[in-house]
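Below, all heavy atoms of this structure are taken into account, side chains as well, without hydrogens, waters or symmetry copies. In what follows, chains carry the letters A, B, and so on, assigned in the order in which the sequence lines appear, proteins first and then strands, with residues in each chain numbered from 1.
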Amino acid sequence: MSKPRVLYWFRTDLRLHDSPALKAALDLKPEAFYPIWCWDSHYVYHSRVGPNRFQFLIDCQNDLSQSITKLNKNSKLFVLREPAVTLLPKLFKAWKISHLVFEKDTDAYAKDRDAQIMEQARKAGVEVIVRSGRTLWDSDEVVKVNKGKPTMSISQLQAAGAKVGEIEPVVETPKSLPDPGDLELDIEQTQPKPDWDMNEQFRDAKETSYSSGIAGPNNDFAVPTLEELGMKPATSPHKGGETIVLKMLDSILADEDYTGTFEKPKTSPAAFEPQSTCLTSPHLHFGSLSCRYFYHKVLEIVEKRRKAKQSVSDPPTSLTGQLLFRDMYFAAQASLGYSFGQTYNNSHCRFIPWHLPSKVDVTSGLVTGGYEVDDPGKEVWLKRWAHGKTGFPWIDAIMRQLRQEGWIHHLARHSVACFLTRGGAYISWERGAEVFEELLIDHEAACNIGNWQWLSCTAFFSQFFRCYSPVAFGKKWDDNGDFIRRYVPELKGMPKKYIFEPHKAPIQDQKKAGVVIKGDGEEAEIDGVVCYPKPMFDFPTQRDICLERMKNAYRVGLYGNDAKVLDGTWKKAFADGAEGPTEGKKGGPGGLSVCEDTDGGEEVNGSDEVNHDVTSPPAKAKKAQAGGSRATPMKGQSDSPRVTRGHKREHSQSTLEDSFKKKAK
DNA sequence: TGGTGGGTTGTGTAT
DNA sequence: CATACACAACCCACC
């Protein structure tokens with residue numbers, strides 16, 4: 001029998017340390033070992049990925065590639081410019097592959113893709129080895145012991161985890177790697193032909209990462225660059241890569257007081273340079289840091305301190321607790337699949353008649369990526385929120401930090417998410433999740449969706465009367481307003497007294513501070529004076545409206561998979577004068593508006609109100625059909641050759657970003 | 001089974 | 001300055 005020839009497929013496990021899948025591959029003692037990455041058009045075109053997260057990915061890939069080369073000068077991370085579903089069957093033959101090995105992936109899209117790949121491997125006679133390593137416990141195992149149900153609380157996750165068993169111990173980092181085999185590739189590249197490009201807004205130039213063949217412009221399987229993606233340089237100061245994060249982790253662990261007594265709710269969302277938490281989340285996302293390694297290392301310190309009778313923190317607030325929450329969201333996603341990422345047809349997400357609800361393809365039961373503009377004014381609110389121009393300095397500082405740096409503190413996320421949804425604008429959490437998906441370097445579909453549901457009180461959490469104030473909450477952490485002055489420089493001269501509510505500053509004080517508080521965020525200057533917008537609404541008024549509506553929605557008690565939601569008759573239950581879609585005339589089944597199934601996306605029964613974003617938009621709310629993916633996108637949009645879906649309408653839409661850019665000029 | 005206490009991360013006021 | 005409580009009332013685990 002001939003020796004194994006192994007294709008090791010790196011995905012979100014961009015590391016050499018503590019990788020059960022990598023160990024399984026090396027245990028085969030292969031005669032040829034190909035560490036590869038498939039440059040997936042799902043990621044390039046069909047997921048919302050801004051330059052900051054792309055750069056972070058590229059950093060991780062380059063670092064890993066160098067680490068591989070250090071172990072074997074003939075090897076590297078071979079980046080192949082083609083999606084896996086078309087590429088791998090060809091590679092199996094070209095490189096005479098006997099084994100395909102990868103770490104188990106968890107989100108709905110990846111599961112579909114991997115199922116296809118495993119079928120292709122079976123047909124090609126290639127043995128597939130899959131190991132879990134992305135979460136503390138295998139999420140499918142957690143779901144199984146939780147009776148198939150999603151883990152909706154941390155206690156459920158802990159109970160299920162205990163039943164699954166001990167968290168796997170750390171796997172040794174390889175000290176050497178086998179040679180790759182022959183690298184000749186006499187195969188035709190199947191170039192993805194995207195029908196639309198979700199990241200067009202981020203590109204100054206043409207996207208060319210596929211145009212120079214499978215091995216890239218220098219024929220050396222190099223990692224693509226942002227330039228090739230046609231993107232502007234990243235603006236985030238945070239860098240990716242296993243080497244960097246292992247050093248970061250060392251310094252975190254060296255501070256045993258910090259590590260051992262960490263309590264998340266006591267860390268400040270307003271701290272910058274340095275931040276109050278450890279910035280490991282993007283590394284956990286890309287797998288440049290193993291969550292299990294992190295967990296065991298922290299636990300060692302906690303146990304050591306416990307023995308020494310030193311103070312320690314425990315889940316859920318401790319560092320290990322944060323990793324448990326991550327597992328909770330992963331297992332919830334594993335149970336619910338695509339429906340986890342949306343309200344419609346989600347058995348565990350409360351139905352609340354938010355503004356700007358997602359459009360739904362009723363034949364598939366999945367969101368289309370578009371949304372209904374039930375009220376142009378709410379569209380303006382969404383844009384102002386997304387661009388940090390709400391007129392609430394605390395909110396704006398956070399949103400600008402997010403856009404610039406790609407990372408904000410967890411409590412800052414709470415504050416802005418509450419503000420957009422149940423505690424302010426009453427806009428669908430799905431809109432907020434999309435903006436975070438674009439901008440966060442640590443965007444993890446399961447965690448992002450889960451946290452948005454949490455904050456909007458649609459799942460995981462329900463105490464909607466606990467409402468964050470855009471003024472009081474910020475003051476608690478940043479009484480002096482330094483965080484605001486850092487990210488909202490218009491206000492850097494504003495005295496402490498008015499920094500959280502600059503519109504309350506008398507005009508003389510505004511002049512002295514070198515800023516005028518005026519308008520709605522469209523002008524940067526008025527008559528040569530720097531301008532900062534007035535608040536986009538009266539917060540106490542909006543809070544009261546939201547509380548009232550949340551109470552009503554809870555009383556009605558519908559979930560996303562309720563028959564009344566699925567067929568649109570939910571409106572009858574909300575006939576008591578709530579605004580927007582709850583008035584009952586607008587929107588199609590589900591009240592979430594309908595996108596006719598497969599091609600073109602014409603409305604089935606939308607009234608003319610439903611689609612004014614397509615025709616002539618109101619002056620205030622230029623169309624913003626941000627052709628969004630859910631983090632768990634609909635099936636037809638995958639790289640799958642099975643289905644193609646027209647997306648012309650969304651494609652031709654300008655985006656949130658575009659319309660704001662135009663105004664800025 | 002129904003009552004009860006707790007729930008990583010609210011606010012404003014009173015003591 | 002810290003602590004307690006009302007606010008109006010949620011879900012859920014557990015006894």
Watson-Crick or G-U wobble partner of B:dG7, both distances under 3.5 Å: C:dC10
Length of the CG-P vector between A:Leu455 and B:dG10, whole Å: 10 Å
Touch class at under 4.0 angstrom, heavy-atom based, for A:Phe473 against every strand present: sugar-phosphate
Complementary nucleotide of C:dC5, counting Watson-Crick and G-U pairs under 3.5 Å: B:dG12
A:Glu103 and A:Arg15 ion-paired at < 4.0 Å: yes
Nearest-Å distance for atom pair CZ/P, residues A:Arg422 and B:dT9: 12 Å
OP1 or OP2 of C:dC12 under 4.0 Å from side-chain N/O of A:Gln156: no
Interatomic distance, A:Lys264 NZ vs B:dT9 C1' [rounded to whole Å]: 9 Å
Integer-rounded Å distance: B:dG12 C1' and A:Lys475 NZ: 13 Å
Whole-angstrom distance between B:dT8 and C:dA8, as gauged at atom C1': 23 Å
Basic-acidic side-chain contact under 4.0 Å: A:Asp562, A:Arg350: no
Separation between the P atoms of C:dA9 and B:dG2, rounded to whole Å: 23 Å
Geometric cation-pi criterion A:Arg134 and A:Phe330, 6.0 Å radius, 45° cone: no
Whole angstrom value for the distance that separates P of B:dT9 from CZ of A:Phe461: 7 Å
A:Glu141 and A:Lys163: CA distance, side-chain angles, deciding distance, salt bridge (charged side-chain N to carboxylate O under 4.0 Å, His left out) verdict: CA-CA 9 Å; A:Glu141 297 292 313; A:Lys163 278 190 209 166; over 6 Å; no
Nearest-angstrom distance, P atom, C:dA4 to B:dG6: 14 Å
B:dT8 pyrimidine/purine six-ring stacking with A:Phe325, under 5.5 Å and 30°: yes
Atom pair distance, as rounded to whole Å: CG in A:Leu547 and P in B:dG12: 13 Å
Phosphate-side-chain proximity, A:Lys551 and C:dA9, N/O vs OP1/OP2 below 4.0 Å: yes
C1'-based separation of C:dC7 from B:dG3 [nearest Å]: 23 Å
Interatomic distance where CZ belongs to A:Phe464 and P belongs to C:dC7 [whole Å]: 16 Å
C:dA9 OP1/OP2 closer than 4.0 Å to side-chain N/O of A:Arg555: no
A:Phe392 and its ring-ring contact (aromatic ring centres under 6.0 Å, His included) partner, picked from A:Tyr532, A:Tyr468, A:Phe537, A:Trp385: A:Phe537
Residue pair A:Glu300 / A:Tyr295, side-chain donor-acceptor N/O under 3.5 Å: no
Annotated protein contacts, base or backbone, on nucleotides 2-7 of chain B with a non-hydrogen cut-off under 4.0 Å, one of B, S, - each: -----B
Span that lies between the P atom of B:dT9 and that of C:dC1, in whole angstrom: 25 Å
A:Arg400 with A:Glu490: basic N within carboxylate O range, under 4.0 Å: yes
Closest to side chain of A:Ala472, choosing from B:dT8, C:dC10, B:dT11: B:dT11
Value in whole Å for how far the P atom of C:dC10 lies from CZ of A:Phe460: 20 Å
Touch class at under 4.0 angstrom, heavy-atom based, for A:Arg350 against every strand present: sugar-phosphate
Any donor-acceptor N/O pair, A:Thr259 side chain to A:Ile252 backbone, under 3.5 Å: yes
